Amino acid sequence: MSQGIFKSLEKIENMIEAIDPKTDAHQGFVAIQTGNGRTLSLDQRPNTNRYFEIETVTFAQDDGLAGLSGRKRTSLELRVRYDIPNDLGFLKRIINEDASKLIDTLKGPNYNLSLTGIVSVIPAIPSTEPILDAAGDLLGFVLIVPFDLLYLEE
């Protein structure tokens, strides 16, 4: 039995990579910055859609009763890159579709507690932030889906 933050995030990344996008299905979700070695960051990957990373917002804190359970809570952000195609409206609709699917995927419930340590994933309200070039021109967007991860450490 292996549990903890690495196993939990590996499971979530695998679940997201398994999503079949509803629109523009030939560009699936691809995990980067997975903790398995140095890779380019999300903002250094031009001309890509649906490359994603999971970024730590707050580090683990105790989430159990009187500290006896071993359950931890950490806040994370799922960040997905979208470059602008010719039609900005089309891109925004894709982002909205994907946000809905990502929330459903994060909510589970097909987590294997004994293997992953995941107790629960609680998604919050998604947002976007622009990706700008050095001149301030819009290159694309990053979809941000914040969530809390409740998990067990082995």
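All of these numbers come straight from a predicted model, not from anything done at the bench.
- With hydrogens and angles disregarded, a donor-acceptor distance shorter than 3.5 Å links the side chain of N14 to the backbone of E10.
- Judged by distance alone, with hydrogens and angles left aside, the side-chain atoms of T116 form no donor-acceptor pair with the main-chain N or O of S8 at under 3.5 Å.
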### Query
Please walk me through it: do L88 and F141 pass side chain to side chain contact (heavy atoms under 4.5 Å, CB included)?
CA-CA 10 Å; L88 186 57; F141 293 96; 3.5 Å; yes

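- The salt bridge (Lys or Arg N to Asp or Glu O under 4.0 Å) analysis of residues 108-119, with sequence neighbours excluded, yields no pairs.
- One N or O on the side chain of R50 and one on the backbone of Q27 form a donor-acceptor pair closer than 3.5 Å.
- Counting heavy atoms from C-beta outward, Y111 and S120 have side chains that stay 4.5 Å or more apart.
- Residues passing the salt bridge (Lys or Arg N to Asp or Glu O under 4.0 Å) test with D148 are R73, sequence neighbours excluded.
- Residues V57 and I118 do not share a hydrophobic cluster, clusters being chains of Ile/Leu/Val/Met/Phe/Trp/Tyr side chains in contact below 4.5 Å.
- Not counting sequence neighbours, the partners of L132 by the side-chain contact (heavy atoms from CB on, under 4.5 Å) test are P130, L138.
- Of the options I54, I103, I144, a side chain to side chain contact (heavy atoms under 4.5 Å, CB included) to L78 is made by I54 and by none of the others.
- Sorted by first and then second residue, the side chain to side chain donor-acceptor pair (under 3.5 Å) pairs involving residues 127-144 (not counting sequence neighbours) are R79-E129.
- Note on residues 108-117: no pairs pass salt bridge (Lys or Arg N to Asp or Glu O under 4.0 Å), not counting sequence neighbours.
- Residues satisfying the side-chain contact (heavy atoms from CB on, under 4.5 Å) test with D104, not counting sequence neighbours, are S100, K107.
- Closest of all the heavy-atom pairs between F29 and I16 is CB-O, 3.6 Å.
- Remark: A124 engages P146 in a side-chain contact (heavy atoms from CB on, under 4.5 Å) (not counting sequence neighbours).
- Here the side chains of L76 and I12 are not in contact, with every heavy-atom distance at 4.5 Å or above.
- Using a 4.5 Å heavy-atom cutoff, the side chains of I19 and D98 are not in contact.
- With sequence neighbours excluded, the residues that form a side-chain contact (heavy atoms from CB on, under 4.5 Å) with K22 are E97.
- The side-chain heavy atoms of R93 and T23, taken from C-beta on, include no pair separated by under 4.5 Å.
- Looking at residues two or more places apart in sequence or on another chain, you find no side chain to side chain donor-acceptor pair (under 3.5 Å) involving Y151.
- Not a single donor-acceptor pair under 3.5 Å links the side chain of S75 to the backbone N or O of T58.
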